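Input: a single structure, listed below in structure tokens.
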2 protein chains.
Amino acid sequence: MNPKFLSLPEEKQQAILNAGYHVFSQNTYKKSPMSEIAEAAGISKALLFHYFHNKKELYLFLWDTCARVTVEEMEKSGCYEQTDLFAGMNYGMQAKMRITRRYPDMALFAVKAFYEKDPEVSGEIQKSMEGYLSVHARRKLQEVDPDDFIPGIDLNMMYMEMYWASEGYLWEFLQRGSMDFDEMECGFQKLLDFWKSVYLKKPQEEAQ
Amino acid sequence: MNPKFLSLPEEKQQAILNAGYHVFSQNTYKKSPMSEIAEAAGISKALLFHYFHNKKELYLFLWDTCARVTVEEMEKSGCYEQTDLFAGMNYGMQAKMRITRRYPDMALFAVKAFYEKDPEVSGEIQKSMEGYLSVHARRKLQEVDPDDFIPGIDLNMMYMEMYWASEGYLWEFLQRGSMDFDEMECGFQKLLDFWKSVYLKKPQEEAQ
DNA sequence: ATGAGCATTGACCGAAACGGTTAACAGAGG
DNA sequence: CCTCTGTTAACCGTTTCGGTCAATGCTCAT
């Protein structure tokens with residue numbers, strides 16, 4: 001990557017990266033044309049090749065950026081330090097949405113890249129992925145106090161259920177392209193409240 | 001479409017359709033080559049063009065088949081006649097999985113097709129979609145007896161939550177390509193049991 | 001054996017798209 | 001005026017695309 005790219009104004013950098021995320025998230029690696037990315041970024045193809053020597057380099061730069069930004073934003077959110085499970089999920093989701101605000105197509109790109117099969121890039125994606133696989137979830141769940149929840153509940157199942165619902169919820173927004181972040185956040189807040197209302201032990205029950 | 005296609009042996013027809021679903025679900029319409037579909041189906045490109053006069057015709061035939069099969073299988077499952085909400089979801093999911101067994105990439109194709117923007121096909125997709133939008137969900141929810149559930153629960157939220165979780169659950173399997181249907185069905189059964197255990201009023205509570 | 005009729009394909013076509021290069025242009029600073 | 005930097009239109013050789021067609025084999029009644 002040409003270091004001149006990094007000294008570009010922030011918003012121009014983001015425009016180029018977002019263009020890349022968009023095109024690569026909609027097509028396979030081989031069928032994502034550099035010309036299309038350049039057009040989406042509002043620059044000429046030649047200039048795009050000036051910043052990134054070739055397609056592979058751009059693709060892997062996008063992947064690295066994706067990983068770096070995600071890790072950074074997650075750490076910064078403080079979601080891992082939360083002792084309350086729901087508060088942790090809340091901070092995590094908020095971090096995810098902050099990222100999606102800046103790079104709307106990054107989440108879809110990440111999924112596609114993870115399952116990309118083109119030999120020109122698949123090897124390096126898989127290699128770099130090994131380091132990132134999350135072990136936070138299981139650890140997180142071992143910290144919670146079962147007494148806070150309704151008696152007899154399967155906590156593992158509850159966690160998986162919430163995870164799947166979050167994915168399905170996010171997925172619904174990601175699919176339709178244009179996103180209303182306030183609506184998204186508000187909706188997830190309600191989802192959290194719902195979970196709390198059914199999974200947590202009620203105060204009067206606790207008093208009994 | 002050449003009527004000779006319909007008199008092909010069932011499994012050959014399915015092989016061709018599945019090849020179409022697979023390729024069109026991975027790429028946009030314009031970037032889904034007929035040659036790739038033919039290869040995936042195990043026939044020559046020329047023969048594919050013998051059955052379907054052109055790409056657009058194949059694409060729309062796939063779309064119509066998708067809609068028809070889905071409606072048929074859902075009706076046949078009896079999920080709409082169930083009075084018990086969870087039993088209805090169970091039958092519905094089983095129908096969805098029967099379809100996925102026959103046409104593994106149909107679900108992904110449907111989503112992609114719905115959001116396809118290529119003017120050559122997007123118009124007809126949207127037009128045909130108008131008829132299919134489901135009104136079953138809301139009606140279904142009005143039939144349930146709130147007394148069956150834990151007191152104070154937001155039934156609409158519960159329904160949306162279950163819907164999102166189902167989507168997220170299915171999505172997890174769809175993504176990784178190779179699917180173990182037994183595992184899939186077993187997992188969903190557990191999810192249903194979990195929902196029943198937390199959302200439904202307990203017998204002893206009812207006895208109080 | 002023969003030939004009519006059908007399923008199937010390899011080879012081909014013109015057009016378009018691809019990744020990548022290059023020579024030239026525009027504008028700011030001295 | 002010249003130079004340096006950011007930027008692009010135009011181009012190149014190659015590949016891929018949708019679609020066609022003549023030719024190949026296959027089946028089966030004569």
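Below, read A as the first sequence line, B as the second, and so on, with proteins coming before strands; counting in each chain starts at 1. Since the model is a prediction, treat every value here as computed from it, not as a measurement.
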To the nearest angstrom, how far is B:Phe5 atom CZ from C:dT8 atom C1'?
16 Å
At under 4.0 Å between heavy atoms, what does B:Ser32 touch on the DNA or RNA strands: base, sugar-phosphate, or nothing?
sugar-phosphate
Can you check the B:Asn54 CG to D:dG19 C1' distance for me, whole Å?
9 Å
Strictly by modelled atom types, are B:Tyr199 and B:Glu161 linked by a side-chain donor-acceptor pair under 3.5 Å?
yes
The nucleotide from D:dG19, D:dC17, D:dT8 with an atom nearest the side chain of A:Ile43 is D:dT8
Six-ring centre of B:Phe49, B:Lys55 cation under 6.0 angstrom, axis tolerance 45°
no
Taking atom OH of B:Tyr91 as the centre, does the number of heavy atoms from other residues, nucleotides or ligands within less than 6.0 Å exceed 12?
no
With a distance cut-off below 6.0 Å to the six-membered ring centre and an angular limit of 45° from the axis, does A:Lys4 pair with A:Tyr51 as a cation-pi contact?
no
Please confirm whether the shortest side-chain N or O distance from B:Tyr51 to OP1 or OP2 of C:dT8 is below 4.0 Å.
yes
Between C:dG19 atom P and A:Glu120 atom CD, what is the distance in whole Å?
10 Å
Short side-chain donor-acceptor distance under 3.5 Å, B:Trp164 and A:Glu172:
yes
Find the distance B:Glu36:CD to D:dG19:P and express it as a whole number of Å.
16 Å
Selected nucleotide, minimal atom distance to A:Ala46 side chain, candidates C:dT22, D:dG18, C:dT8
C:dT22
In whole Å, what is the span from the NZ atom of B:Lys56 to the C1' atom of D:dG18?
15 Å
In whole Å, I'd like the distance from the CG atom of B:Leu47 to the P atom of D:dG25.
17 Å
Protein-nucleotide distance (B:His50, atom NE2; D:dA23, atom P), rounded to Å
18 Å
So, does the side chain of B:Lys55 form a donor-acceptor pair with the base of D:dG19 at under 3.5 Å?
no
Looking at A:Ser35, I'd like to know whether one of its side-chain N or O atoms comes within less than 4.0 Å of OP1 or OP2 on C:dC18.
yes
Nucleotide of C:dG20, D:dT7, C:dG10 approaching A:Phe49 most closely (side-chain heavy atoms):
C:dG20
Starting at the 5' end of DNA chain C, which residue's closest nucleotide do you reach first, B:Lys4 or B:Lys31?
B:Lys4
Rounded to whole Å, CG of A:Asn2 lies from P of C:dT21 at a distance of 14 Å
